[in-house]
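Down below is the structure, laid out as structure tokens.
As a basis for the values below, the full set of heavy atoms in this structure was taken, side chains included, without hydrogen atoms, waters or symmetry mates. Convention: sequence-line order gives letters A, B, ...; per-chain numbering from 1.
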2 protein chains.
Amino acid sequence: MLIVIETNSELPIYEQIVRQVKFAVATGSLRPGDRVDSVRDLAKKIVVNPNTVARAYRDLQEDGVLETVRGQGLKVCSRALRRCLAERKSLIRERLQEVLREAAQSNLSREEIEAIVEEELNRYVPVEEVP
Amino acid sequence: MLIVIETNSELPIYEQIVRQVKFAVATGSLRPGDRVDSVRDLAKKIVVNPNTVARAYRDLQEDGVLETVRGQGLKVCSRALRRCLAERKSLIRERLQEVLREAAQSNLSREEIEAIVEEELNRYVPVEEVP
DNA sequence: CTTACTGTACTACCTACATAGTACAGTAAC
DNA sequence: GTTACTGTACTATGTAGGTAGTACAGTAAG
């Protein structure tokens, strides 16, 4: 399980963990029944306090994504895949809405906004080869 | 001068004010020499504490966008237009970078991401008529 | 001169987030 | 039984953002 924390992100650390676990479930990296890193292990990996990870895991439990096995750790719920698949796009959409609304309000033209989007996507998403 | 605060934005209130003043200058709504709303007036308009507005205006002074006329108010610096024009796109780009990086990492396909962007842009930016 | 505005600068308080440290009970391995 | 892990639950502390209230000095209008 690979969680990466952006320290200057606008999102708090616990929320970054929550989102990334949800994405991992949605993409199949994490499957129902899988164990996730323990609170202390993940805290060590991403260099944050265990309480911060515990906060994220608590939220994920409340969201029906993780469930606890006391003394053993946490595992992915059986219903998690469906939940996270349903949620992934809206999680992304919400943030895009906010940023694009601001972009529009800054009076950048649509072409300018789209150009920035393409540039940034080119950076992060490989262009698919057309056969 | 129209400042609109999104209460559930990821950006703190003072930063929203800073950005929106910069955009207003970049687009010409505010010109060098123009007065901006007083701290107390804007606080009343957007329903926040005057100290919050003062914080934003202080930052804008440090950024060379506004300058103070003690007892009279603040006005737009003569060099503000150039600064804000230069800065507008990078302000927008930074946030788009963050959000698009996350979108890519969520494993949504490029097509899906682009589709969301188009949908949201259609909401905020009128489609230009092609003559 | 008085009043009403202006920015600036504080104090005190609250919430949210994050950290550090500690402790407890449950589980597993030796 | 002991040790090492597990999650959970606290306390105390610090930072950031925001609020409320107050006070001061500068400016302008009547």
Give the C-alpha distance, both sets of side-chain angles, the deciding distance and a yes or no for side-chain contact (heavy atoms from CB on, under 4.5 Å) between I17(B) and I5(B).
CA-CA 8 Å; I17(B) 297 169; I5(B) 298 303; 3.9 Å; yes
Residues from residues 4-14 of chain A sitting under 4.0 Å of DNA chain C, heavy atoms only?
P12(A), I13(A), Y14(A)
Could you identify which residues of residues 44-58 of chain A place a heavy atom less than 4.0 Å from some atom of DNA chain C, listed by residue number, or say none?
V48(A), N49(A), N51(A), T52(A), R55(A)
Can you find a heavy atom in the side chain of [X] that is under 4.5 Å from one in the side chain of [Y]?
| X | Y | answer |
| --- | --- | --- |
| K22(A) | R88(A) | no |
| R83(A) | D63(A) | no |
| Y57(B) | V36(B) | yes |

Tell me what Q61(B) touches on the nucleic acid: a base, only sugar-phosphate, or nothing, going by heavy atoms under 4.0 Å.
sugar-phosphate
R101(A): partners by salt bridge (Lys or Arg N to Asp or Glu O under 4.0 Å), with sequence neighbours left out
E6(B)
Does CZ in R79(B) sit with more than 12 non-hydrogen atoms of other residues, nucleotides or ligands closer than 6.0 Å?
no
Within 6.0 Å of CZ in R31(A), more than 12 heavy atoms from elsewhere
no
Pair [X], [Y]: side-chain N/O donor-acceptor within cut-off below 3.5 Å:
| X | Y | value |
| --- | --- | --- |
| Q61(B) | T68(B) | no |
| E87(A) | S90(A) | no |
| N122(A) | R110(B) | yes |

Whole angstroms only, please: what is the CZ-P distance between R40(B) and dA20(D)?
14 Å
With a 3.5 Å distance limit and no angle check, can you tell me whether N49(B) reaches the backbone of N51(B) through a side-chain donor-acceptor pair?
yes
T52(A) side chain vs V48(A) backbone, donor-acceptor pair below 3.5 Å
no
Below 3.5 Å is the cut-off: list the nitrogen or oxygen pairs between protein and nucleotides 28-30 of chain D, distance only.
| unit_1 | atom_1 | unit_2 | atom_2 | d |
| --- | --- | --- | --- | --- |
| dA28(D) | OP1 | Q72(B) | NE2 | 2.7 |

Heavy-atom contact window of chain A on DNA chain C, given 5' to 3' at under 4.0 Å
dC17(C) to dA28(C)
Qualifying residue, where the test is salt bridge (charged side-chain N to carboxylate O under 4.0 Å, His left out) with R93(A) and the options are E118(B), E120(B), E102(B)
E120(B)
Here the pair of heavy atoms bringing V4(A) nearest to Q16(A) is O-OE1, 4.0 Å
Using atom names, set out every protein N or O paired with an N or O of nucleotides 13-15 of chain D below 3.5 Å, distance rounded to 0.1 Å.
none

With a 4.0 Å cut-off, would you call R55(B) and D59(B) a salt bridge?
yes
